[in-house]
Amino acid sequence: MPVSELSKAYEPNAVEEKWYAEWLAGDFFKADPQSPKPAYSIVIPPPNVTGMLTLGHVLNITIQDILARRARMLGKEVLWLPGTDHAGIATQTVVERTLKKQGAIRHRDDLGREKFLDEVWKWKEEKGGIIIQQLKKLGASCDWSRERFTMDAEYSRCVQQVFVDLYKKGLIYRGKRMVNWCPVSLTALSDEEVIMKPQNGTMYFFKVEIAEMPGTFLTIATTRPETIPGDTAVAVNPRDERYAQLIGKHVVRPLPAEVPREQRLIPIIGDEHVEFEFGTGVLKVTPAHDKADFDIWARARRDGIRRGIEELRQMEPINIMNPDGTMNAFAGEALVGLDRFEARNVAADSLRNQLRVLEKEEPYQNNVGYSERADVPIEPRLSEQWFLKCPQVEKSRNVVASGTMRFYPERWEKVYDHWLEGIQDWCVSRQLWWGHQIPVWRLHNSSDWTTWPFTFARDELPTTTDLQTEIGLEQSLSKVAGHSTFFQTYLLDTDLDIFASTTSELEARELQNLGFERDPDVLDTWFSSWLWPFATMGWPEKTDTLAKFYPTTDLVTGPDIIFFWVARMIMAGFEWMGEMPFRNVYFTGIIRDKQGRKMSKSLGNSPDPLDLIAKFGADALRFGVMRSAPLGADILFDEKNVELGRNFCTKLWNAARFRQMQGGESENEINAALLTSDDKWILLRLDAAIREISAALDEYRFSDAAQKLYAFFWSEFCDWYLEASKAALNSGDAPRKANTLAVIDFLLGHTLRLMHPFLPFITEELWHALDFQRDMPDAQGGRTIMFAPWPQPLGDDFRERYALDDRAERFAISKYELVNQGRTLRRNAGIASKKRVRFVLQPQEPLPAHEQEVLKILLNAEPLEVVGNFDAPKGTPTAPTALGTLFLPLEGLVDFGAERERLQKEMVKIEAELVKVRAKLANPSFVEKVPRAVFDEHRQRESAWAEKLAQLQKLRDGLGA
RNA sequence: GCACGGUUAACUCAGCGGUAGAGUAGGUGCCUUACACGCACUUUGUCGGGGGUUCGAAUCCCUCACCGUGCACCA
């Protein structure tokens with residue numbers, strides 16, 4: 001059977017390269033929508049196009065590859081659709097930083113939008129393929145012919161169409177609101193991109209004079225004294241008896257100090273949201289720089305309008321900061337131009353030393369929102385942005401809550417549900433250049449972007465007639481209409497749609513020529529990612545691919561993007577496909593270092609997966625990571641795990657070499673009549689392994705499956721079965737030898753298939769080297785193990801045909817127990833394991849010659865005397881076992897003390913167990929209430945131990961005192 | 001503050017109502033003709049604390065402590 005002789009050591013890198021090329025050449029990863037096979041599909045979470053492979057990717061990709069490969073073996077038509085994400089902020093930041101470092105620019109404005117974007121595209125062309133190549137090194141079996149990028153022309157078209165669609169439905173609107181502003185990236189962010197971090201700061205207590213009551217002061221507590229110039233009111237709780245009577249009066253705002261006093265008078269207003277207990281119960285209201293203050297301001301203003309209080313109606317937020325977080329002129333002479341944190345100290349200082357109104361300062365810890373990307377505190381900022389009222393929220397909640405879509409592990413369902421329950425409108429516009437430019441147009445110079453023509457309340461919108469008269473719109477539109485059918489669809493639809501249009505680059509240029517100007521902002525990256533499951537399959541066309549593979553089967557991703565991505569894909573799936581995008585979501589853990597810290601560049605604790613592949617092989621890396629990645633838990637990465645994976649591959653390799661060195665044909669049928677107890681035992685263990693591994697994979701318990709594979713193959717197959725098989729292989733009994741080889745081949749053939757999803761390369765290599773492909777049909781393992789059928793549990797007919805009964809299994813187990821005992825005796829007597837030594841066995845029942853041979857090998861006994869009755873010399877190390885009594889006669893070498901000690905130790909253990917079980921049996925309520933089977937089991941246990949104890953006692957007594 | 005997860009051998013974790021387990025690490029001996037990336041033997045546990053339910057609890061309930069994560073957040 002051996003086709004080519006296996007080299008002494010496994011060399012993963014050459015083998016991996018060879019087989020990956022073969023798989024690609026054979027088009028084995030390609031998905032055929034016309035296939036009659038049932039579909040299995042999975043879309044890759046698209047990595048950042050300029051990203052590099054991390055261990056997080058290794059985990060994520062390996063899981064998907066395992067799912068895809070197993071699905072192929074289960075006879076499914078598999079689509080694993082790959083691609084990359086343009087990753088707006090991340091990519092733009094990287095390119096900008098690089099250009100700055102090269103000295104090419106100081107700021108992106110130096111280049112201008114178009115040239116800067118050229119640079120980003122250049123960068124993308126250079127780096128964009130890298131991560132894809134890295135995924136291939138890992139063995140990812142994606143259909144590369146379908147690779148997509150979120151800024152492909154067709155994909156962009158989808159994004160625009162979706163925007164216009166939502167706009168038409170009234171779900172997208174432009175509004176002036178408090179947004180999370182990143183002063184470094186200079187863009188608005190969504191709530192999800194803000195992470196709260198505890199921060200040590202200072203609470204400043206300063207007093208302000210009540211204008212109407214000279215000499216009377218209120219004390220205000222704040223952490224941000226630099227925003228005092230932006231205060232437009234002071235709020236107290238109207239139910240707070242200390243302050244309620246002051247509502248309607250005014251205080252003198254201390255800053256900016258140079259402004260005349262009368263211009264610094266701000267009203268005291270009442271608001272239920274002010275807490276009595278916190279600080280002094282008096283809150284400064286800075287509506288332009290704090291979300292909560294903005295709401296208080298809005299309520300006060302509404303109240304003013306309702307009650308006709310002119311002062312409140314006219315109260316306007318004062319913006320005292322520039323977009324980059326420095327203070328502007330409204331902040332006053334002392335602060336203007338300073339960075340916000342510097343300004344804080346300066347403001348505090350002037351309260352303290354110049355104005356002398358600072359009463360006290362206390363160290364204070366509060367939570368501050370940080371920009372996820374730039375890692376600086378975000379600045380709440382009043383700004384005009386595009387918002388989306390998320391569609392299909394109820395359906396999206398329900399599909400998960402009802403269990404129609406399953407999350408693994410389940411507990412993420414609650415997190416997901418909770419988020420959807422309190423979902424806020426999504427700020428989708430970003431002040432960046434890299435991304436999908438918002439498909440909204442206006443007439444050039446017709447007005448200012450920030451105010452025209454969109455306001456959020458529908459009734460405030462200008463009418464079509466207004467617009468037509470105001471800006472001559474009709475005239476321009478008629479010009480547009482003649483140019484493109486595409487515009488007609490979206491531009492001339494209704495009076496409101498005139499501003500939103502899907503446009504190709506060419507069309508955009510035409511619009512520009514006609515005097516239209518496009519919104520310069522781009523869309524949040526996730527506004528394109530949320531379409532990934534169907535936009536990659538040809539939507540909005542009704543493609544074969546969509547028909548066959550949508551909804552997808554599994555999604556594998558990290559829980560950190562459950563809101564960013566998973567939830568939104570579900571909403572999008574319902575909105576445009578009318579169906580959920582995937583049936584199951586598997587959330588991986590986060591990879592940490594072995595001390596439990598997150599992987600990070602600055603800590604230098606994040607190994608390069610490619611180095612690991614070069615050192616240990618891709619299979620080793622995959623196996624090592626999967627074996628230590630339990631469902632739902634974080635993974636503490638340790639290179640030791642990869643080493644273990646490598647060792648496992650080597651073990652597999654050597655077992656295959658062992659098989660190959662025996663020669664002989666692999667086509668032999670197993671002959672039931674010649675099966676030994678070891679054969680039967682290992683077949684039953686294989687059956688159990690198939691069941692357990694299949695069940696584990698069905699439930700996404702990958703580490704359980706990997707551990708079972710490891711334990712089964714190493715301990716059961718190699719350590720016990722292959723060792724025992726040497727008795728037959730060395731026996732010179734040709735039929736027996738052939739039969740043993742048939743069993744070994746059966747085991748290897750099944751084991752390789754069970755391993756293949758985890759270890760694709762080495763299993764493919766051995767599949768061919770051991771010639772397993774020979775008798776398989778082309779489509780089922782003849783060309784590649786990838787399509788070999790997934791092993792099924794051995795059926796009843798199989799068990800019957802090969803007489804795989806409990807009796808043989810129990811005998812084998814007893815035999816291995818006996819071997820363990822014998823090895824312990826040998827070890828205890830200080831005999832080296834390689835030294836052949838005389839054992840004597842006094843069996844319970846006659847032992848077949850073959851079994852004697854097996855025992856001889858496993859015990860490394862020479863000779864093994866099997867006798868009816870052995871009169872052991874006093875003190876001979878002796879082990880009573882189920883198969884009989886085993887002696888290790890040591891002529892003249894007996895160490896009575898050591899042997900007594902060994903027996904004593906064993907007896908102590910057994911006595912302890914006996915005490916426990918007897919206490920239970922002596923308990924009347926135990927006897928009364930316990931189920932019969934449990935009771936019997938306890939009785940059996942008791943008598944077994946008692947017997948064993950008696951035997952040991954006898955042995956010990958035989959040694960004398 | 002609310003919610004979720006965790007606390008089991010030196011480390012990482014499994015077990016989730018009926019005799020405490022695995023891998024790694026440690027110890028000892030072996031380069032035994034598939035494999036030293038190996039083989040054999042072997043040590044180690046108040047299963048976080050307290051209370052309850054039960055004949056019986058690592059396992060179920062309550063409570064406390066600590067660790068982690070998510071959400072909310074008050075100046």
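Below, chains carry the letters A, B, ... as their sequence lines are ordered, and counting in each starts from 1. Quick caveat, the model's predicted, so the values are computed rather than measured. Heavy-atom basis, side chains included; hydrogens, waters and symmetry copies ignored.
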Please measure how far the [atom1] atom in [N] lies from the corresponding atom in [M], and state the result in whole Å.
| N | M | atom1 | answer |
| --- | --- | --- | --- |
| B:A58 | B:U7 | P | 15 Å |
| B:G48 | B:G68 | C1' | 15 Å |
| B:G21 | B:G15 | C1' | 7 Å |
| B:A10 | B:G49 | P | 14 Å |
| B:A57 | B:G70 | C1' | 31 Å |
| B:U43 | B:U59 | P | 27 Å |
| B:G23 | B:C60 | P | 26 Å |
| B:A40 | B:C35 | C1' | 15 Å |

For [X] and [Y], which I'm curious about, is there any donor-acceptor pair between the side chains at under 3.5 Å?
| X | Y | answer |
| --- | --- | --- |
| A:Thr824 | A:Gln821 | no |
| A:Glu361 | A:Thr202 | no |
| A:Asp678 | A:Tyr816 | yes |

Give a yes/no answer on whether the side chain of [X] brings an N or O atom under 4.0 Å of OP1 or OP2 in [N].
| X | N | value |
| --- | --- | --- |
| A:Trp714 | B:C39 | yes |
| A:Tyr204 | B:A75 | no |
| A:Lys834 | B:C31 | yes |
| A:Thr824 | B:U42 | yes |
| A:Asn366 | B:A75 | yes |
| A:Lys916 | B:A20 | yes |
| A:Arg411 | B:C4 | no |
| A:Lys651 | B:C35 | no |
| A:Asn367 | B:A72 | no |
| A:Lys726 | B:A34 | yes |
| A:Asn647 | B:G38 | yes |
| A:Arg646 | B:C37 | no |

Nearest whole Å is fine: how far is [N] [atom2] from [X] [atom1]?
| X | N | atom1 | atom2 | answer |
| --- | --- | --- | --- | --- |
| A:Leu644 | B:C35 | CG | P | 20 Å |
| A:Gln660 | B:C35 | CD | C1' | 14 Å |
| A:Asp295 | B:C73 | CG | P | 10 Å |
| A:Glu413 | B:C4 | CD | P | 14 Å |
| A:Leu621 | B:C37 | CG | C1' | 16 Å |
| A:Tyr710 | B:A14 | OH | P | 18 Å |
| A:Leu921 | B:C55 | CG | P | 16 Å |
| A:Asn654 | B:C35 | CG | C1' | 4 Å |

Can you tell which of [options] lies closest to the side chain of [X]?
| X | options | result |
| --- | --- | --- |
| A:Leu636 | B:C35, B:C13, B:U33 | B:C13 |
| A:Thr650 | B:G56, B:C37, B:U69 | B:C37 |
| A:Glu937 | B:C55, B:G18, B:C39 | B:G18 |
| A:Lys640 | B:C71, B:G18, B:U24 | B:U24 |
| A:Tyr364 | B:G23, B:A75, B:U19 | B:A75 |
| A:Lys929 | B:C55, B:G29, B:C35 | B:C55 |

A:Arg836 (side chain) and B:U32 (base): donor-acceptor pair under 3.5 Å:
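No, no donor-acceptor pair under 3.5 Å.
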
Look at the side chain of A:Gln662 and the base of B:A34, then say whether one donor and one acceptor between them are separated by less than 3.5 Å.
no

State the pairing partner of [N]; accept Watson-Crick or G-U wobble contacts with both distances under 3.5 Å, and report none otherwise.
| N | result |
| --- | --- |
| B:U44 | none |
| B:U12 | B:A22 |
| B:C35 | none |
| B:C60 | B:G52 |
| B:U7 | B:A65 |
| B:G70 | B:C2 |

Does the distance from a Lys or Arg side-chain N to an Asp or Glu carboxylate O, for [X] and [Y], drop under 4.0 Å?
| X | Y | answer |
| --- | --- | --- |
| A:Glu937 | A:Arg941 | yes |
| A:Glu862 | A:Arg838 | no |
| A:Arg627 | A:Asp704 | no |
| A:Glu913 | A:Lys948 | no |
| A:Glu272 | A:Arg299 | no |
| A:Asp936 | A:Arg932 | yes |

What nucleic acid atoms does [X] come within less than 4.0 Å of, heavy atoms only: base, sugar-phosphate, or nothing?
| X | answer |
| --- | --- |
| A:Met203 | nothing |
| A:Ala656 | nothing |
| A:Trp419 | nothing |
| A:Glu723 | base |
| A:Arg826 | nothing |
| A:His938 | sugar-phosphate |
| A:Cys718 | base |
| A:Pro931 | base |

Do A:Arg685 and A:Phe712 have side-chain heavy atoms sitting under 4.5 Å apart?
yes

Would you kindly compare A:Ala832 and A:Asn820 by the position of their nearest RNA chain B nucleotide and give the one closer to the 5′ end?
A:Ala832

5'-most contact on RNA chain B: A:Arg941 or A:Arg657, nearest heavy atom basis?
A:Arg941

